[in-house]
Amino acid sequence: MRILIIGYSSIAKKRVIPALQKLKEIDGIDIATRHKENISAEHLECARVFDDYQIACTLSQAELVYVSLVNSEHAVWAERILKSGRHVIIDKPACISFDEARKLVELADNKNLCCAEATVYAWHPQVHIARTLFDQANTRPTRLTLSFSFPPFSDNNFRYQKHLGGGALLDLGPYAVTPGRLFFNTQPEEIVCRVCSRHPVTGVDTAFSVLAVYHGGCSMIGHFDFNTEYRNHITILSPQMSIDIDRVFTTPPDLENNLIVKSHNTTS
């Protein structure tokens with residue numbers, strides 16, 4: 001399979017391309033960027049580079065396209081890619097409105113194509129292990145507490161610009177809504193969210209806390225923030241066991257991570 005990456009973002013450069021290079025199923029990578037001068041020499045050697053997104057979509061033979069642009073451009077390019085008959089994966093947040101999301105899902109469904117948001121932590125082996133441990137203990141998770149927060153970005157970062165789809169709700173929202181699907185296997189029945197702070201100049205939301213209630217009395221509480229020391233953690237609780245995972249949402253590929261399991265006053 002050949003892959004086209006639209007946008008040479010930090011995540012594409014540091015995570016996506018190195019991961020693709022390790023997959024034997026990938027036989028070629030194309031990159032479309034408006035800033036060709038920023039491409040590393042290593043990636044110039046291994047990829048075909050376009051300096052225009054539309055030309056790349058026209059000339060690339062890629063079967064799958066990965067969109068890694070500012071949030072406001074995601075839906076526009078995802079729609080064009082789907083209409084060209086190719087699968088698409090989109091950096092989170094895939095869309096900045098419900099109408100955009102519904103339009104892309106309907107288009108992908110009509111064309112029998114994949115349209116996916118790249119919220120990828122769910123496929124890390126540590127999440128599978130955590131779910132398996134609860135199954136083996138014959139107990140079901142009923143509570144989640146999680147946090148994903150970090151120090152402020154530079155003032156010119158697009159996450160502070162409303163017209164570019166900035167704000168903590170859009171940037172970190174995918175990490176608030178996905179854990180319930182993973183560990184409760186259902187969607188929330190009720191969500192209560194409170195924005196805690198806003199950028200002093202642009203006014204976009206920079207922190208929020210959320211409470212979600214699920215079927216059977218399950219619940220999740222989380223905090224997400226652009227204004228704190230780095231924190232990236234989840235605690236999964238059931239009546240008989242709890243599991244803590246650090247770096248759960250962005251685990252470096254070379255990290256040997258630890259899961260802290262507590263059951264009947266015993267820690268392992």
Side-chain angles (χ1 to χ4, degrees), residues 3-12 15-16 31-34 52-58 60 62-123 148 153 157-182 186-195 198-199 202-208 210 212 222 224 226 249-250:
I3 303 282
L4 167 62
I5 299 174
I6 296 183
Y8 192 64
S9 66
S10 175
I11 192 70
R15 294 294 183 88
V16 177
I31 300 173
T33 176
R34 293 168 180 160
D52 182 278
Y53 301 159
Q54 189 58 56
I55 291 175
C57 288
T58 302
S60 174
E63 299 98 329
L64 170 65
V65 182
Y66 189 106
V67 177
S68 193
L69 302 168
V70 295
N71 300 338
S72 57
E73 294 192 62
H74 286 175
V76 173
W77 286 100
E79 181 180 357
R80 293 178 184 177
I81 292 157
L82 289 170
K83 286 181 176 178
S84 75
R86 285 174 284 192
H87 308 291
V88 63
I89 298 175
I90 316 164
D91 269 346
K92 58 83 193 167
C95 301
I96 61 175
S97 74
F98 178 74
D99 287 341
E100 284 184 353
R102 179 168 55 188
K103 185 176 182 179
L104 290 182
V105 168
E106 291 176 351
L107 179 58
D109 186 53
N110 290 337
K111 289 183 168 290
N112 195 31
L113 294 169
C114 170
C115 179
E117 181 180 74
T119 306
V120 299
Y121 76 93
W123 282 269
F148 195 3
F153 301 104
N157 192 286
F158 79 91
R159 293 173 181 84
Y160 292 145
Q161 306 302 318
K162 185 175 182 179
H163 70 285
L164 297 179
L169 280 168
L170 285 171
D171 195 69
L172 297 176
Y175 301 111
V177 299
T178 49
R181 293 204 298 265
L182 280 175
T186 187
Q187 303 284 11
E189 295 180 341
E190 181 182 4
I191 298 177
V192 179
C193 179
R194 176 63 61 88
V195 171
R198 294 186 180 275
H199 191 273
T202 65
V204 300
D205 45 278
T206 58
F208 67 95
V210 61
F224 305 85
F226 290 171
F249 298 122
T250 57

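Quick note: residue numbers are just sequence positions, from 1.
Rounded to the nearest 0.5 Å, atoms CD1 (I81) and CD1 (I6) are 4.0 Å apart. Taking CD1 of I3 as the start and OG of S60 as the end, the distance is 9.5 Å to the nearest 0.5 Å. In this structure, CG in L113 is found 7.5 Å from CG in L107, a value given to the nearest 0.5 Å. With rounding to the nearest 0.5 angstrom, the CD atom of E73 is 11.0 Å from the OG atom of S68. Taking CD of E106 as the start and SG of C115 as the end, the distance is 11.5 Å to the nearest 0.5 Å. Considering OG of S9 and CZ of R15, their distance stands at 12.0 Å, rounded to 0.5 Å.
Counting only distance, with no hydrogens or angles, the side chain of Y121 and the backbone of Y175 share no donor-acceptor pair below 3.5 Å. A donor-acceptor pair is defined here as one N or O able to donate and one able to accept, closer than 3.5 Å; such a pair exists between the side chain of D205 and the backbone of L169. Between the side chain of H74 and the main chain of V67, no donor-acceptor pair closer than 3.5 Å is present. Counting only distance, with no hydrogens or angles, the side chain of D109 and the backbone of V105 share no donor-acceptor pair below 3.5 Å. In this structure a side-chain-to-backbone donor-acceptor pair under 3.5 Å is present from R86 to C57.
Among V65, V88, L82, L69, the one residue that satisfies the side-chain contact (heavy atoms from CB on, under 4.5 Å) test with W77 is L69.
Annotation for F208 and C193: closest pair CD1-SG, 3.7 Å, computed over non-hydrogen atoms. Here the closest heavy-atom approach between residue P174 and residue L170 is recorded as CD-O, 3.3 Å. Taking each heavy atom of C95 and L104 in turn, the nearest pair found is SG-CD1, 3.6 Å. Minimum heavy-atom separation, S72 to H163: CB-O, 3.4 Å.
Looking at R80 and Y53, their side chains never come closer than 4.5 Å, going by heavy atoms from C-beta outward. Put simply, the side chain of T202 does not reach to within 4.5 Å of the side chain of K162, judged on heavy atoms. At a threshold of 4.5 Å between non-hydrogen side-chain atoms, the residues I90 and E117 do not count as touching. The shortest side-chain heavy-atom distance between K92 and D171 falls under the 4.5 Å cut-off. Contact check for F226 versus H199: no side-chain heavy atoms found under the 4.5 Å cut-off.
Ring to ring, F224 and F148 are not that close: their centroids are 6.0 angstrom or more apart.
Around the CG atom of N112, the shell of radius 6.0 Å holds no more than 12 heavy atoms that belong to other residues, nucleotides or ligands.
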